[in-house]
Number of protein chains: 2
Amino acid sequence: MARKPKQQRSKATVDAIIEAALISIARQGPGATTARQVADIAGIGVGSLYEYFEDKDAIFTAAGARFVDDTVAMIKPLIPELVRMNIRDAVSKLLFTFRDFLEENNQLYLKCARHAFSQDMVMHQAPINRALMDLFTQYLMHHPELLRMPNIPAVAYFYINGGIFTVVRHLSEEKPTQSFEELTMVFGDFLASYAEHKVGASNATQ
Amino acid sequence: MARKPKQQRSKATVDAIIEAALISIARQGPGATTARQVADIAGIGVGSLYEYFEDKDAIFTAAGARFVDDTVAMIKPLIPELVRMNIRDAVSKLLFTFRDFLEENNQLYLKCARHAFSQDMVMHQAPINRALMDLFTQYLMHHPELLRMPNIPAVAYFYINGGIFTVVRHLSEEKPTQSFEELTMVFGDFLASYAEHKVGASNATQ
DNA sequence: TGCTTGTTCGGATTCAATTCGGAAACAGAT
DNA sequence: ATCTGTTTCCGAATTGAATCCGAACAAGCA
C-alpha cells in the first residue's frame with residue numbers, strides 16, 4: 001500500500017501504471033475502467049497496483065497529475081514568444097498548439113480531458129490555470145496600455161476557464177457546426193475587441 | 001426490470017428515487033453514491049430501484065434529465081423579457097436568475113452541475129444549449145443591426161459553453177478571487193464590446 | 001554464497017450492483 | 001366485505017470488481 005519506488009524496475013512499473021490508466025481512461029472513461037484492465041494494459045499483476053497506489057482513485061489522480069504536468073510543460077515555453085505577438089496571433093498560436101497537444105497519441109489527452117471537468121479533478125487542474133494566468137499577466141506587462149482594461153482578473157477568469165472548456169468540447173464534437181479555425185478567430189476577436197473597445201487603442205493589437 | 005409505473009403510488013416512488021439520486025449526487029458525486037444510499041434516501045428497498053430503472057446509470061441519467069428539464073424551464077420564460085433589453089442588462093438578468101436557480105435547495109443543482117461536465121453527461125445537456133442558442137437567436141432578431149457581427153455561430157458557441165462552465169465553476173469556488181457581480185459585468189461587457197466593435201453601433205446596447 | 005530488503009503476483013476477502021421469487025397493496029368485480 | 005388478477009415492494013442470494021495479503025521471486029550487499 002502506497003510505497004515509494006526505490007529501484008529502477010519499480011519506477012518503470014509506476015510509469016507503466018500511470019500510462020495504462022491514461023489509456024484506459026481515454027478508452028472508456030474512469031467510471032468504466034477496472035483495476036484489472038489497468039494492470040493488464042500495464043502488463044503487471046493486479047496486486048502490484050496497490051504496492052504504489054492507495055486505491056484506484058489514487059491511480060486516477062496520478063494520471064491526472066501527469067496530464068496537468070504535460071499540459072503546463074506545453075504552455076510554459078510558449079510564453080516568451082506569445083507575449084511579443086499581437087492578441088489575435090497570440091491566441092491563435094496558443095490554441096493551435098493546444099489542439100495539436102490534445103490530438104497527440106490518437107487523442108489520448110483530449111479523451112482524458114473530457115473527463116477532467118468533474119468536481120474533484122478541477123481542483124488538480126489549478127497548475128494549468130496558473131500557467132495561463134501567468135501568460136496573461138506577462139502579456140499585459142509587455143503591452144502596458146492594456147492595463148487600462150477594467151476588471152482584468154475577471155476577464156482572465158472568464159476567458160481562461162471558458163476557453164479551455166470550449167476548446168475541449170469543440171474538439172470532442174462529432175460534427176462541429178463551425179471549424180476550429182473559426183472558433184480560433186472568434187477567441188482572438190473577442191479578446192481583442194474588448195481590449196480595443198475599452199482601451200480605445202488599435203495599437204493594442206500590434 | 002425497467003417497468004412503466006401504472007399506479008399513483010409507483011409514480012411517487014420513481015420521483016422519490018430521482019430526487020434521492022440528485023441529493024446523493026450533490027452530496028458525494030455520482031462515483032461515490034451507492035444504490036443502497038439512493039434507496040435509503042428515497043425511503044424504499046434496494047430492489048425497488050430496479051423495478052423502474054435498468055441499472056444505476058439509468059437512475060443518474062434520469063436525474064440528469066430532471067436537472068436539464070428544470071434548467072430549460074427556468075430559461076424559456078425569460079426569453080420574451082430578455083430580448084427587449086440591452087445586452088448588458090440581459091446578460092446580467094440571465095446570470096442572476098441562473099445563479100438563484102443553482103443556489104436553490106441548498107445548492108442542490110449547483111452541486112450536481114459540478115459533475116455534469118464529464119463526457120457522457122454533456123450529451124444530455126443539449127437541450128440547455130439549445131434553449132440558450134434560441135435566446136441568442138431571438139435576441140438577434142430583435143436587434144437586427146447585430147446580425148452584421150461576423151461569425152455569429154462561433155461567437156454563440158464560445159459564449160454559451162464558456163459561460164455556463166465559468167459560472168458553475170465560479171459559484172463552486174471556495175474563496176472566489178472576484179465577485180459574481182464583477183464576473184457578470186465582464187460577461188456583459190465582453191459581448192457588448194464585441195458587438196459594438198464589430199457593428200460600430202453604440203445603439204447595439206440600447 | 002547467504003542474508004536482507006524490494007518487488008511481483010494472484011488467490012482470498014470484502015463490498016456494491018443487480019436479480020429473483022414471493023409478500024403486500026391495490027383496483028375492480030361480485 | 002370478499003375474492004381475483006395486477007401492480008408494487010422488498011431483502012436475501014448471486015455476481016463481479018476492488019482491495020488485501022502472504023508466499024515466491026529478484027536485487028543489493030557482505
Side-chain angles (χ1 to χ4, degrees), chain A residues 1-65 115 118-121, chain B residues 1-65 115 118-121:
Chain A
M1 62 147 91
R3 266 202 351 277
K4 270 277 155 40
K6 311 234 166 144
Q7 300 181 1
Q8 188 54 42
R9 177 165 63 129
S10 62
K11 286 194 177 66
T13 301
V14 169
D15 231 59
I17 293 172
I18 291 177
E19 264 159 38
L22 285 170
I23 291 170
S24 196
I25 290 172
R27 277 193 201 150
Q28 324 173 286
T33 61
T34 71
R36 190 166 299 277
Q37 278 176 326
V38 173
D40 286 349
I41 294 174
I44 62 169
V46 219
S48 302
L49 295 178
Y50 296 90
E51 293 295 325
Y52 305 103
F53 297 97
E54 194 62 40
D55 52 22
K56 199 171 61 149
D57 222 53
I59 299 176
F60 290 157
T61 301
H115 301 284
S118 29
Q119 184 132 45
D120 37 353
M121 312 207 64
Chain B
M1 61 148 92
R3 270 201 351 276
K4 270 277 156 40
K6 311 235 166 140
Q7 300 181 3
Q8 189 54 43
R9 178 167 61 130
S10 61
K11 287 195 178 67
T13 299
V14 170
D15 231 59
I17 292 172
I18 291 177
E19 264 158 40
L22 286 170
I23 290 170
S24 195
I25 291 172
R27 276 193 202 150
Q28 322 173 284
T33 61
T34 71
R36 190 167 299 278
Q37 279 176 324
V38 173
D40 286 349
I41 294 174
I44 62 169
V46 220
S48 301
L49 296 177
Y50 296 88
E51 294 292 330
Y52 305 103
F53 296 97
E54 195 62 41
D55 52 23
K56 197 170 67 149
D57 220 55
I59 297 176
F60 290 157
T61 301
H115 300 283
S118 29
Q119 183 134 45
D120 38 353
M121 312 207 65

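Every chain is numbered from 1 and lettered A, B, ... according to where its sequence line falls, protein lines coming before strand lines. All values reported here derive from a predicted model rather than from experimental measurement. We use all heavy atoms of the structure for the numbers below, so side chains are in, but hydrogens, waters and symmetry mates are not.
When rounded to the nearest whole Å, the span between CD of B/Glu51 and C1' of C/dA25 equals 14 Å. One interatomic measurement links the two molecules: CG of A/Leu49 to C1' of D/dA18, which rounds to 10 Å at whole-angstrom precision. B/Phe53 places its CZ atom 14 Å from the C1' atom of D/dT8, with the value rounded to the nearest Å. C/dT7 atom C1' lies 11 Å from atom CD1 of A/Ile17, rounded to whole Å. Residue B/Ile59 contributes atom CD1, which lies 16 Å from atom P of C/dA16 at whole-angstrom precision.
Scanning atom types as modelled, no donor and acceptor separated by under 3.5 angstrom connect the side chain of B/Gln7 and the base of C/dC26.
For A/Tyr52, the listed nucleotide lying nearest its side chain is C/dT7; candidates were D/dC10, C/dC26, C/dT7. Comparing C/dC9, D/dT7, D/dT19 against the side chain of A/Asp55 picks out D/dT19 as the nearest.
Put simply, the side chain of B/Thr61 does not reach to within 4.5 Å of the side chain of B/Phe53, judged on heavy atoms.
Between B/Asp57 and B/Gln8, the one whose closest nucleotide on DNA chain C sits nearer the 5' end is B/Asp57. Remark on DNA chain C: of its neighbouring residues B/Arg9 and B/Lys56, the 5'-side contact belongs to B/Lys56, judged by nearest-heavy-atom nucleotide. Both B/Lys11 and A/Thr34 lie near DNA chain D, and the one whose nearest nucleotide falls closer to the 5' end is B/Lys11.
Taking CZ from A/Arg36 and CD1 from A/Ile41, the interatomic distance works out to 13.0 Å, rounded to the nearest 0.5 Å. Summarising the geometry, atom NE2 belonging to A/His115 is positioned 9.5 Å from atom CD belonging to A/Gln28; distances are rounded to the nearest 0.5 Å. Note that CD1 of B/Ile59 and CG of B/Leu49 are 4.5 Å apart. Values are rounded to the nearest 0.5 Å.
Contact annotation: A/Thr13 side-chain N/O to C/dT8 OP1/OP2 distance is under 4.0 Å. For B/Tyr50 and C/dT18, the shortest distance from a side-chain N or O to OP1 or OP2 is below 4.0 Å.
Sorted by first and then second residue, the salt bridge (Lys or Arg N to Asp or Glu O under 4.0 Å) pairs involving residues 55-65 of chain B (not counting sequence neighbours) form an empty list.
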Identify all side-chain donor-acceptor contacts of residues 16-27 of chain B below 3.5 Å with residues at least two apart in sequence or on another chain.
none

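Residues passing the salt bridge (Lys or Arg N to Asp or Glu O under 4.0 Å) test with B/Asp40, sequence neighbours excluded: none.
Taken residue by residue, residues 35-48 of chain B places heavy atoms nearer than 4.0 Å to DNA chain D at B/Ile44, B/Gly45, B/Gly47, B/Ser48.
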